[in-house]
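Proteins come first, then strands; the chains are lettered A, B, ... in the order of their sequence lines, and each starts at number 1.
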Amino acid sequence: MIGLLTRDLKLAIRAGGGFGLALAFFLIVIVLVPFGVGPQTDILSKIAPGILWVGALLACLLSLDRLFATDFEDGSLELLATAPLPLEALVATKALAHWLTTGLPLTLAAVAFSVLLNLPTPGIPALITSLAIGTPALSMIGAFGAALTVGLKRGGLLLSLLVLPLYVPTLIFGAEATRRGAEAMPTTTPMLLLAAITLGAIACLPFAAAAALRVNLR
Amino acid sequence: MIGLLTRDLKLAIRAGGGFGLALAFFLIVIVLVPFGVGPQTDILSKIAPGILWVGALLACLLSLDRLFATDFEDGSLELLATAPLPLEALVATKALAHWLTTGLPLTLAAVAFSVLLNLPTPGIPALITSLAIGTPALSMIGAFGAALTVGLKRGGLLLSLLVLPLYVPTLIFGAEATRRGAEAMPTTTPMLLLAAITLGAIACLPFAAAAALRVNLR
Amino acid sequence: MSLWEYANPRKFMSTTEKAVAPLFALAALFVLTGLVWGFFFTPDDFRQGSTVKIIYLHVPSAMMAINVWAMMLITSLVWLIRRHHVSALAAKAAAPIGMTMTLMALFTGAVWGQPMWGTWWEWDPRLTSFLILFLFYLGYMALWAAVEDPDTAADLTSVLCLVGSVFAILSRYAVNFWSQGLHQGASLSLDKEENVSDVFWIPLVVCIIGFILLFIALVLLRTRTELRRRRLHAIETRERMG
Amino acid sequence: MLTLNSVACTRGGVTVLDGVSFELAAGEALILKGPNGSGKTTLLRTIAGLQPASAGVITARPESIAYAAHADGIKVPLTVAENLTFWAGLFGAPNIDAALTAFDLHALRNRPAGALSAGQKRRVGLARLVVTGRPIWALDEPTVSLDAASVALFARAVSEHLAAGGAALIATHVDLGLEARSLDVSAFRPTKSAQQNAFDEAFE
Amino acid sequence: MLTLNSVACTRGGVTVLDGVSFELAAGEALILKGPNGSGKTTLLRTIAGLQPASAGVITARPESIAYAAHADGIKVPLTVAENLTFWAGLFGAPNIDAALTAFDLHALRNRPAGALSAGQKRRVGLARLVVTGRPIWALDEPTVSLDAASVALFARAVSEHLAAGGAALIATHVDLGLEARSLDVSAFRPTKSAQQNAFDEAFE
Ligand code: HEM
Ligand SMILES: Nc1ncnc2c1ncn2[C@@H]1O[C@H](COP(=O)(O)OP(=O)(O)OP(=O)(O)O)[C@@H](O)[C@H]1O
Ligand SMILES: Nc1ncnc2c1ncn2[C@@H]1O[C@H](COP(=O)(O)OP(=O)(O)OP(=O)(O)O)[C@@H](O)[C@H]1O
Ligand SMILES: [Mg+2]
Ligand SMILES: [Mg+2]
């Protein structure tokens, strides 16, 4: 499993960027939104929690597409399926690698980005905590979606169609926690719910995803 | 060229969805934003032009990744490069196919979506016109980005990093035209600028993209 | 003797070998003089107080941020047309410097904006176009990093630089259209009537000259490094090929 | 080591083989022959456990089969050594030297796999088999793109594997220079009725 | 029809072939031989115009070369007929019947290409050559995965093409049963000094 993890990280880095790329994408989304909605700081700071969370979501999404697809296309997935590693562990490892290259850097860099969108200062710790708790769920749910669509030639859009609705609860609680933080209200409830979703996803989805992979390899 | 266009459309449809997928993604983004920023209609209607345009942009982006990559991986791109069709025409046709499956349906369905976000009624024709004028530029610029990254294994995020900054002028003029429309101001200037960008992109970028493809095939 | 002779790597290496160190010394001299002069021997501004002194870092870095991109555009064109390796590698070497300058302009601007406008960040057109410039630098460098084969990478990044330049200018235009800002207009025009007074002006010019020298020294140094790295890559490849 | 008892395989809802029975003992190799489309790949995939047999029983020790498909599963951004080390780690092999030696890859070990020719890449794919350390090799056209010298290397690797108590099941169209039984899978084409049966009895 | 005059080819910055000269006349076939990694694919890609020759001249009528690579370029979601029709449209061929007949694909014409076996897919890839109508075929290991009957089909297709005034350049490791000159590309390995030269004179 460690071998698989290092291999995936190596591949992500060799393919250019790895850790930095998700950040750059996040930054771009955050720059684009003011271009769309206009430069008024008051509106921006009001929608900041939502935009930051939607941006994190999209950054995850864009790198999901190829999570299993490259392995499927070059035949490694078949070989991995016959290896001593259970497919469940494979899925979990892949999701972890994905989180390390997207969710984690996003969480760490969120401070800088929140300044750009004028997120009120008390919202910043809430944003970071909610991202730290919530992004693993994004990666895990995304891995499930990627497993479902692995055999398809142009899975990108279809994948987002499947995955985005599953992201809704995470998004709602995450953005809500940040908003409450920004308004200096207590954030315990949404954080707990967020944590529950993440734990649930990590506990159950590897099995579902492995089942989907098995079907797609058949 | 017509053969190539029909082939690409056929492939898009067989791979599931084709025309519908971009729409569905657009719809999801538009549904997610209220979850993120909260349900206050006044804020929503203020940010509606921007969100609609950013949504269109992202829907384009998600389907770009595989524009040339599938052909590159299965070897057809090499064969196409030795065929009597000039690569410039290939790029233009691919961009057209991309526009037909994303930009066009988005433009047609924009009425319905603008209602969801409470876009003021006078903004709707402006939104539709600006999308009709602007989305071809999105597809063409995207095709250029896809040509640059075609040889890379996980081009998705890098592609967006390259392409999104190039989308800035289109986004600004498009969203501005819509906003002006919504506030019942004259929209001629941004529309003209938008048209100029689109025409410029269509006239020049096929050559740049073809050059990039040639380099990548070398 | 043609200028292109220096595009020969060997000639370039031997010529620049002696130039780098003096250039650094000269750059240090100018930058330090300008900064010390500016920080300690100019009066405080009557409105802005001593915060105005950050201008001696802010303006030179902002100017360099733009000019480095222009230099990359020229060297990319030279590579595409005449295929001189030094040219392509100079563009590659310049990008991180340009990005650092951009970041410095953004950072000093933010530090300045906090007392002046009351926020760290404002969606002002000039600031925003710098953010976009930063993204262009990022994309350019990411593409260099992602492509394995050096010649392919040089070709692709050159094309990107070309197209990117056009779009960067377009963006600058579009951003002005999008928001009217708070930022200062240009004050370094030749028409001195409407300019800041000489007391501020002269050290600023010294700083700018220093930054230009610093950039040249850094670019030469980094280009030399890139040439060596390229050569190493070549040797390694041949070694591996047996 | 491996026993098939009237196994049927389907592909895309169609039964392509029916009643396949054979036994493979340690130290033995079996060559699967048959024209294109006769079902060799399908049979190997079934034996490797990637798809279920639609009838019959396959008996083998669990996790005893190393499968090599038409595609190699090589990551082009990684070097040859990195590719093999990854598989070695997964299968618990101590090192990759034996594999590199068996397919004469020492000179290529630090090359990125993307900079290999078709035949060199294939050799890396085959070297993975040595690394798995599994007793039964199930190989689908292993010698594609290989030159004569590499085919001989491959034949030697198989012989060594057999001598060490392994077994091999090889689908191929060319002569490998191995002395082994061969089995023509076209003999197991399903009869009309069997096909009908397996296909869509549920819908009739 | 095709003349090479001391051509050098590079791959990944390394000169792999140097001083390749030969002439190919109408009605003639030339078999490229050579061990794995000797540069056959590189040479064919250079002749097809996908990469520039680093030295020497290649003379051929423009757009006279039909290239077939290791990869087939088949779209798996489309049927066999749709795949071939696409290429026919691009190359201005009137119809695909001749191609289907040459490679015995009539029975498979309405199958999605994704539901073909490896050899059947290869046959579709080869049928594309007939559809291009170009005089010079440049083929890279065309018979990979083909069974004996299909290899014979291929040999017949090549012979017919030659009889009709075409020419063929075929890189292969196996015997095709064609009578043709053969050329061992390993004879063109660059000398140490040539390699050094082409490679990085600029950096010394
Ligand atoms: C955070 C981002 C900022 C960026 C990217 C930025 C960018 C620039 C640029 C590009 C210039 C050079 C203009 C020229 O020479 O024509 C400049 C000059 C200048 N900036 Fe900023 N700026 C920022 C923030 C600020 C702030 C907050 C202030 C102060 C309130 C400020 C005050 C000035 C002044 C006084 C000049 C000199 C203008 C001149 O006379 O040339 N800037 N800035
Ligand atoms: N996805 C699929 N759906 C339906 N039929 C398929 C599918 N894949 C393969 N087939 C068919 O199943 C049969 C067996 O295919 P298989 O790949 O096992 O043949 P093979 O013996 O390996 O042939 P080859 O020597 O060409 O590799 C073929 O007739 C093929 O057309
Ligand atoms: N992208 C690359 N970068 C560097 N070297 C490469 C690259 N691709 C191939 N090579 C090397 O160039 C040489 C020629 O490769 P080529 O693919 O032309 O060989 P080939 O004769 O077709 O071999 P095969 O019979 O295995 O297909 C090989 O030594 C190979 O390792
Ligand atoms: Mg097969
Ligand atoms: Mg080859």
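With a 4.5 angstrom heavy-atom cutoff, C:Ile132 touches chain B only via side-chain atoms. Heavy atoms closer than 4.5 Å to chain C are found in the side chain of B:Ile172, but not in its backbone. Using a 4.5 Å cut-off between heavy atoms, B:Val215 touches chain C through backbone and side chain atoms alike. For B:Leu171, no part lies near chain C; criterion is any non-hydrogen pair under 4.5 Å. Neither the backbone nor the side chain of B:Leu164 comes within less than 4.5 Å of any heavy atom of chain C.
Nearest approach of B:Leu162 to C:Leu160, heavy atoms of both residues: CD2-CD2, 3.7 Å. The two atoms that bring C:Leu170 and B:Pro169 nearest to each other are CB-CG, 3.8 Å, heavy atoms only. Between B:Leu158 and C:Ala142, the shortest heavy-atom distance links the atoms CD1-CB, 3.5 Å.
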Distance-only donor-acceptor pairs under 3.5 Å across chain C and chain B:
{"residue": "C:Asp155", "atom": "OD2", "partner": "B:Arg218", "partner atom": "NH1", "Å": "3.3"}
{"residue": "C:Asp155", "atom": "OD2", "partner": "B:Arg218", "partner atom": "NH2", "Å": "2.9"}

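Heavy-atom pairs under 4.5 Å with chain B peak, among C:Val163, C:Leu162, C:Leu135, at C:Val163.
Taking 4.5 Å as the limit, every side-chain heavy atom of C:Phe167 sits out of range of all side-chain heavy atoms of B:Pro165.
Identified under the ring pair (Phe, Tyr, Trp, His ring centres under 6.0 Å) test for residues 113-150 of chain B, with sequence neighbours left out: B:Phe26-B:Phe113.
Separation of atoms CG (B:Leu193) and CZ (C:Phe177) is listed at 6.0 Å; rounding is to 0.5 Å.
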